[in-house]
Amino acid sequence: MGVRLHERTTALITVAVVVTLIVAILIAVSRASGPGRDARAYPADRGTISLTGALARSHLVVPDCLTHDLGYAVPGPSHDLYLQVNGNESCMDRFLGLNRLAEQDAPLVLPDWAVDGRAAALGWTIDAQGGLVLYTAAPAPDHHIDALVHALSDGSAVTAYVRAT
């Protein structure tokens with residue numbers, strides 16, 4: 001009788017461990033790709049804050065004309081927002097104006113985040129020789145925005161790589 005009880009106990013413990021592992025896997029998958037995850041978020045995004053919340057905290061405004069083609073991440077505990085927006089020239093001009101981003105004088109010096117691996121971790125390829133222009137703003141104390149803007153020569157497509165702290 002004691003042997004059967006031990007076998008049943010071992011079997012129950014094994015089943016409990018397997019069920020726990022399955023539940024943990026399902027929770028992890030649902031957090032990574034579930035209905036609550038914004039499809040515009042990069043995989044590096046921690047999912048701790050919505051895009052709306054991150055924009056508000058960063059004092060950053062994205063016009064409606066840019067909201068359909070963007071990607072973003074708040075990848076670390078510092079709550080820095082990384083944002084890529086794509087649009088036409090007039091829409092990008094609106095974005096720059098709404099955020100009071102000012103063009104920085106040449107020669108272009110790329111910000112640390114553009115060259116130290118943070119941009120690459122998001123899948124961004126930033127080339128200093130690629131016709132980039134740096135815009136910056138400080139919308140509030142302890143907040144800073146850098147936008148690296150790349151435009152096609154005909155102005156038909158413009159991409160901005162943005163970091164807001």
Side-chain angles (χ1 to χ4, degrees), residues 24 27-165:
I27 289 171
V29 168
S30 71
R31 284 185 180 166
S33 62
R37 181 152 176 90
D38 188 335
R40 300 169 298 179
Y42 291 114
D45 183 64
R46 293 180 59 198
T48 57
I49 187 169
S50 69
L51 175 59
T52 303
L55 290 170
R57 184 175 49 213
S58 300
H59 302 273
L60 192 62
V61 178
V62 177
D64 289 339
C65 58
L66 291 177
T67 59
H68 66 282
D69 190 7
L70 66 79
Y72 75 94
V74 180
S78 67
H79 299 294
D80 292 352
L81 170 63
Y82 293 85
L83 177 74
Q84 178 185 353
V85 290
N86 304 291
N88 61 37
E89 188 174 9
S90 65
C91 194
M92 195 62 66
D93 286 343
R94 187 166 174 222
F95 171 75
L96 296 170
L98 285 169
N99 293 292
R100 296 187 173 133
L101 287 155
E103 184 175 344
Q104 299 304 296
D105 295 329
L108 173 66
V109 176
L110 291 176
D112 290 345
W113 60 266
V115 294
D116 67 5
R118 288 178 276 178
L122 299 170
W124 298 351
T125 302
I126 297 176
D127 178 9
Q129 305 304 315
L132 293 169
V133 178
L134 176 62
Y135 294 81
T136 63
D142 298 326
H143 291 280
H144 185 82
I145 301 169
D146 289 328
L148 286 167
V149 178
H150 178 262
L152 293 180
S153 59
D154 64 2
S156 63
V158 184
T159 299
Y161 302 98
V162 182
R163 177 182 177 230
T165 61

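Looking at residues two or more places apart in sequence or on another chain, you find no salt bridge (Lys or Arg N to Asp or Glu O under 4.0 Å) involving Arg100.
Taking OH of Tyr82 as the reference point, atom CH2 of Trp113 lies at 7.5 Å (rounded to 0.5 Å). Rounding to the nearest 0.5 Å gives a distance of 7.0 Å between CG of Leu51 and CG of Leu81. The NE2 atom of His68 lies 9.0 Å from the CG atom of Leu70; values are rounded to the nearest 0.5 Å. Between the OG1 atom in Thr136 and the CD atom in Gln104 there is a gap of 3.0 Å [rounded to 0.5 Å].
Annotation: disulfide (SG to SG under 2.5 Å) contacts involving residues 47-87, sequence neighbours excluded, comprise Cys65-Cys91.
Within the 4.5 Å cutoff, the side chain of Ile49 has heavy atoms near those of the Arg57 side chain. Between Trp124 and Gln84 there is a side-chain heavy-atom pair separated by less than 4.5 Å. A heavy-atom distance below 4.5 Å is not found between the side chains of Tyr161 and Val149. The shortest side-chain heavy-atom distance between Leu55 and Val62 falls under the 4.5 Å cut-off. Counting heavy atoms from C-beta on, the side chains of Pro111 and Leu148 come closer than 4.5 Å. The shortest distance between side-chain heavy atoms of Val85 and Met92 falls below 4.5 Å. Inter-residue side-chain proximity for Leu60 and Phe95 is flagged as met; some heavy-atom pair is nearer than 4.5 Å. In this structure, Asp80 and Arg163 have side chains that are in contact, with non-hydrogen atoms separated by less than 4.5 Å.
The backbone N or O of Pro75 lies less than 3.5 Å from no partner atom in the side chain of Asp45, so there is not a single donor-acceptor pair. Under a 3.5 Å cut-off, the side chain of His143 and the backbone N or O of Ala138 do not form any donor-acceptor pair. Asp64 places no side-chain N or O within 3.5 Å of a backbone atom of Leu66 that could act as its donor or acceptor partner. Judged by distance alone, the side chain of Asn99 and the main-chain N or O of Leu101 form no donor-acceptor pair under 3.5 Å.
Shown here is Asp127, whose CG atom has more than 12 heavy atoms of other residues, nucleotides or ligands within 6.0 Å.
Each of Leu132, Asp146, Leu134 was evaluated against Leu110; a single residue qualifies, Leu132, per the side chain to side chain contact (heavy atoms under 4.5 Å, CB included) test.
Ala44 approaches Ala73 most closely through the heavy-atom pair C-CB, 4.4 Å. Closest heavy-atom contact between Ser50 and Gly53: OG-N, 3.0 Å. When all heavy atoms are compared, the tightest approach of Arg94 to Pro63 is NH1-CB, 3.7 Å. When all heavy atoms of Ser58 and Pro139 are compared, the pair lying nearest together is O-CG, 4.1 Å.
A donor and an acceptor atom, one from each side chain of Thr159 and Asn86, are located under 3.5 Å apart.
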Next on the checklist: Pair Asp38, Tyr72 - check side chain to side chain contact (heavy atoms under 4.5 Å, CB included), show working.
Outcome noted: CA-CA 10 Å; Asp38 188 335; Tyr72 75 94; 3.2 Å; yes

